[in-house]
Amino acid sequence: MIMAIESSCDDSSIAIIEISSNKILFHKKISQELDHATYGGVVPELAARLHTEALPKILEQCGEFLVSLKAVSVTTHPGLSVSLNEGVAMAKALSVTLNLPLVSVNHLKGHIYSLFIGLNEIFPITVLLVSGGHSLIVEALSHENMQIKLRSSDDSLGESFDKVAKMLGLGYPGGPIVEQYAKNGDPQRFAFPVPLKHSNRLEFSYSGLKNAVKLRIDELNELSHQDICDVCAGFQSVAIAHIIQKCKQYFKIAKPKNFAVVGGASANISLRKELENLANDFGYKLMVADLEYCSDNAAMIARCAVEDFKRNNFCELENLSIMTKSGDIL
Ligand code: KG4
Ligand code: ZN
């Protein structure tokens, strides 16, 4: 078995995976969403302090598995440095105490492995990764070779949902809240512009849409419940239209063999439906992770670590540290 620790942002999570089956034997996550809600976003120092409380609480529940562990894995990048440090400190302490090798895991690679929990991996696969920190298209050719092909020039998809929710005073995280309001809204009432609609540039961008939403909210001044629903519906439909348009442009060039969507924002049902239709148009089936594993979790980190374990890809204790920059290769 391998233990995985995830603390890159505002979720404290520990998982135990069985190496032979890729099955998760233990998975617990303590989310800090409510603690950050009053600030409309994650406050790094608060997140770090809450990790120091939550991680040991979860670890206490893993006692029965400790004797069976073959390695300890931990997210080392990318993420909030003060948050990452908490998981890394715990992983180091466990490695010394239990005399276990350490595996360093890239959080984005972890999101991609959320597709393969309990399953064998499939490569090559083209992955749309939409989370609070990133909007990317990644060509995952193999475990060692995952290349970022398209990114956002400003905000990520999840971040834009969070910012719109904040403007409307709806709370944090914005994604699920905006999705709920959008269900009762008219997506046509406010004709927000689709970002980069007439451009061939292969990138995502959300700052223009976010500003257009802000202008509308300012114009409306006092918003009724229906106004809020209509703003959410208009924003969501355009945010998704942008993703679909850019994926389409990318598919025409790259012609993927397999296509998947992962990350916190991949829990959005309208996005999943639109991506499914797009995948059908191009003749393949959209792969998605279980809803439980879309947002940050240690299970996906554990699943990725299994592949490193099989390759003896360990990190010396003194070399295990957080990395603040990621390049184009995961
Ligand atoms: O993957 P994740 O848990 O954390 C990062 O790695 O960033 O993603 C969190 C993000 C947040 O921005 C949240 O608002 C967004 O995912 N999200 C959604 C939905 N559920 C979560 N965005 C749109 N629709 C959703 N249903
Ligand atoms: Zn994430």
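In each ligand, atom 1 is the first atom listed, and ligand 1 is the first ligand listed. Values in this document were obtained by computation on a predicted structure and should not be read as measured data.
- Under a 4.5 Å side-chain heavy-atom criterion applied to ILVMFWY residues, the cluster that includes Ile17 comprises Ile2, Ile19, Ile24, Val103, Val105, Ile117, Tyr293, Met300, Ile301, Val306, Phe309, Phe314 as well.
- Looking only at side-chain heavy atoms (C-beta outward), Ile240 and Leu275 stay at 4.5 Å or farther from each other.
- Dense packing is recorded around CD of Glu219, with more than 12 heavy atoms of other residues, nucleotides or ligands lying under 6.0 Å away.
- The environment of Phe282 atom CZ is dense: over 12 non-hydrogen atoms of other residues, nucleotides or ligands sit within 6.0 angstrom.
- Listed by first and then second residue, the salt bridge (Lys or Arg N to Asp or Glu O under 4.0 Å) pairs involving residues 273-300 amount to none (not counting sequence neighbours).
- For Ser156 and His134, the side-chain atoms include no donor-acceptor pair closer than 3.5 Å.
- Ser8 and Glu6 are linked by a side-chain donor-acceptor pair at a separation below 3.5 angstrom, with hydrogens and angles left out of the test.
- For atom 7 (O) of ligand 1, the closest non-hydrogen atom of the protein is Gly132 N, 2.8 Å.
- Residues Ile5 and Thr75 have side chains not in contact (no heavy-atom distance under 4.5 Å, counting atoms from C-beta outward).
- Backbone and side-chain nitrogen or oxygen atoms of Pro173 are examined, and none is located within less than 3.5 angstrom of a nitrogen or oxygen of ligand 1.
- Looking only at protein N/O/S atoms, the ones less than 2.8 Å from the Zn ion (ligand 2) make 3 in total.
- Taking only non-hydrogen atoms, the option from Gly175, Ala267, Ala239 nearest to atom 22 (N) of ligand 1 is Gly175.
- At the shortest separation from atom 24 (N) of ligand 1 among protein heavy atoms lies Asn268 ND2, 3.1 Å.
- In this structure, Phe161 has its ring center closer than 6.0 angstrom to the ring center of Phe235.
- Between Gly263 and ligand 1, no N or O atom pair is found at a separation short of 3.5 Å.
- Nearest protein neighbour of atom 11 (C) of ligand 1, counting heavy atoms only, is Asp162 OD2, 3.6 Å.
- Near Gly174, meaning under 4.0 Å from one of its heavy atoms, ligand 1 places the atoms 14 (O).
- When only interatomic distances are considered, the shortest N/O to N/O separation between Asp296 and ligand 1 falls below 3.5 Å.
- Summarising the geometry, atom CG belonging to Leu100 is positioned 11.5 Å from atom CG belonging to Leu317; distances are rounded to the nearest 0.5 Å.
- When the side chain to side chain contact (heavy atoms under 4.5 Å, CB included) test is applied to Asp35, the partners found at least two apart in sequence or on another chain are Gln32, Leu46, Leu50.
- Taking 4.5 Å as the limit, every side-chain heavy atom of Ser266 sits out of range of all side-chain heavy atoms of Val288.
- In this structure, His107 counts as a contact residue of ligand 1, since one of its heavy atoms falls inside 4.0 Å of the ligand.
- The distance from ligand 1 to the heavy atoms of Gly133 drops below 4.0 Å at these ligand atoms: 7 (O).
- The distance from ligand 1 to the heavy atoms of Gly158 drops below 4.0 Å at these ligand atoms: 12 (O), 14 (O).
- Checked against a 3.5 angstrom limit, the closest N/O atoms of Ser295 and ligand 1 fall outside it.
- Near His111, with a cut-off below 4.0 Å to any heavy atom, the atoms of ligand 1 are 1 (O), 6 (O).
- Ligand 1 has no N or O atom lying under 3.5 Å from any N or O atom of Phe161, backbone or side chain.
- For the side chain to side chain donor-acceptor pair (under 3.5 Å) with Tyr113, the lone residue among His143, Arg303, Glu307 that qualifies is His143.
- For ligand 1, the atoms lying closer than 4.0 Å to a non-hydrogen atom of Glu179 are 25 (C), 26 (N).
- For the residue pair Val82 and Glu45, the shortest heavy atom distance occurs at CG2-N, 4.4 Å.
- Atom 1 (O) of ligand 1 has Gly264 N, 3.0 Å as its closest protein atom, hydrogens excluded (heavy atom only).
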